[in-house]
There are 2 protein chains.
Amino acid sequence: MVRNPFIETVRQFTPLSPTSESALFSELHRLEFGKGHVLVPPDTICRSIYFIETGLTRTFYYKDGKDITDWLSAEGQFAVSISSFITQQPDRRSVELLEPSVLWSISHSALEKLYQQHHELERMGRLLANYGLLLVQQRFDELHFATALERYRTLMTQNPTFVQRVPLSMVASYLGMTPETLSRMRAQI
Amino acid sequence: MVRNPFIETVRQFTPLSPTSESALFSELHRLEFGKGHVLVPPDTICRSIYFIETGLTRTFYYKDGKDITDWLSAEGQFAVSISSFITQQPDRRSVELLEPSVLWSISHSALEKLYQQHHELERMGRLLANYGLLLVQQRFDELHFATALERYRTLMTQNPTFVQRVPLSMVASYLGMTPETLSRMRAQI
DNA sequence: ACAATCCTTTGACAATTATCAAAAACTAAA
DNA sequence: TTTAGTTTTTGATAATTGTCAAAGGATTGT
């Protein structure tokens, strides 16, 4: 029974045999980086997925010269440039640390190999993809027809720590608004 | 070698052995319904996923009394209330036919059984979930920081038939704007 | 502690998009 | 074909959000 935060999170999705667990564990790498470290540079292939033991990351890209925060992940969550990881093609999205972090990474190629060898791990991969789908769909719904104030309120109930830990200019683009608009939503309580 | 549009599409994601193919095929049901037929009523559990051989479907829900088109699917694509299907919990999203359609359905429980029995099919499920993730992410990006005109233009290049086949009021909410705004975007060419 | 920088807020104004109303265009049934 | 109903377009106006500029706060390094 491996004791590792990545594995323990994965177990909540599907039970794993000791064989699968140790095979998975043997491909994990523990990483420690400081604030500002770039996990995935822009226009490169995202070759690993990162589980956050402690710390905070953001995925972002530039559109028309503007810095757009696409995703935020904290402890217990995954950080990845999702479309690049799935397609193994370069993507404009970049991933960086907003706080010094302890991460567990596994490479795309190692995962592919594990998927081939262990049906259980293939299932884990499917369930993690399903989970990701739910998360993206939730954010999609928010943007679809919620006002700036509604989106801020949802964030305050679902991820209040982001507002404390992430610069507001990044929270603003995460929510699909300008920093000025976010500041005004906050003033409205 | 099964000849079936669902199976042929799935083969493009991953190769399937004859055994897996016939196991999958044996769980498929061919369905034919007229325009307006409701595949998934609102606030019910979406128990099947539907592959469209011919026809057109939309997923929609009501927010503040307004009808919002969440997703459109045509021949060669899948129709499903995605979060309900994944969680097997009720969801406000409803799925209906916009044209008379020929569909191939498979139930969630049959899929679960097949996933258990055939590693290859579990892989297929994982790859289909990955594909869905890419699609939702693309639409998320659009809404995040593209203007109404940009969103209309993207639709015209990526799915021009939707504009011809779907009532414009539904295309408008699909794109996250009012019918009046869509009409004005169209007038601007 | 202090400067230098960066982040956030505030204000004035502009652009985008929504709302409401009515006219025009289209569709379907008799 | 004509009519009744629905959808789409157009117009006037309002609400929301963005842009630009400047002031106020906070943070960091020396």
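Note: hydrogens, waters and symmetry copies are ignored here, and every other heavy atom, side chains too, is used. Naming convention: chains lettered A, B, ... in sequence-line order (proteins, then strands); numbering from 1 in each chain.
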To the nearest Å, how far apart are [X] [atom1] and [N] [atom2]?
{"X": "A/Phe145", "N": "C/dT17", "atom1": "CZ", "atom2": "P", "answer": "12 Å"}
{"X": "B/Met177", "N": "C/dT19", "atom1": "CE", "atom2": "C1'", "answer": "16 Å"}
{"X": "B/Lys63", "N": "C/dA18", "atom1": "NZ", "atom2": "P", "answer": "13 Å"}
{"X": "A/Gln164", "N": "D/dT27", "atom1": "CD", "atom2": "P", "answer": "13 Å"}
{"X": "A/Met185", "N": "D/dA15", "atom1": "CE", "atom2": "P", "answer": "15 Å"}

Should the pair [X]-[Y] be classified as a salt bridge under the 4.0 Å nitrogen-to-oxygen rule?
{"X": "B/Arg139", "Y": "B/Asp70", "answer": "no"}
{"X": "B/Glu150", "Y": "A/Lys63", "answer": "yes"}
{"X": "A/Lys113", "Y": "A/Glu27", "answer": "yes"}
{"X": "A/Arg93", "Y": "A/Asp43", "answer": "no"}

Do A/Leu72 and A/Phe85 belong to the same hydrophobic cluster, where Ile, Leu, Val, Met, Phe, Trp and Tyr are linked whenever their side-chain heavy atoms lie under 4.5 Å apart, directly or via other members? no
List, with names and distances, any nitrogen or oxygen atoms from the protein found under 3.5 Å away from nitrogen or oxygen atoms belonging to nucleotides 6-13 of chain C.
from	atom 1	to	atom 2	distance (Å)
C/dT8	OP1	A/Leu168	N	2.6
C/dT8	OP2	A/Leu168	N	3.2
C/dT8	OP2	A/Ser169	N	2.9
C/dT9	OP2	A/Ser183	OG	3.2
C/dT9	O5'	A/Ser183	OG	3.1
C/dG11	N7	A/Arg184	NH2	2.5
C/dG11	O6	A/Arg184	NH2	3.1
C/dA12	N6	A/Arg184	NH2	3.4

If you check the A/Thr147 side chain, which of D/dT17, D/dT19, C/dT17 turns out closest? D/dT17
Listed pairs, N/O of protein and of nucleotides 26-30 of chain C, under 3.5 Å:
none

OP1 or OP2 of C/dT19 less than 4.0 angstrom from a side-chain nitrogen or oxygen of B/Lys66, does that happen here? yes
Mutual orientation of the aromatic rings belonging to A/Phe25 and A/Trp104 [parallel < 30°, tilted 30-60°, perpendicular > 60°]: tilted
Could you tell me whether the side chain of B/Ile106 reaches within less than 4.5 Å of the side chain of B/Phe6, counting heavy atoms only? yes
Between B/Glu120 and B/Ser20, do the side chains contain an N or O donor and an N or O acceptor separated by less than 3.5 Å? yes
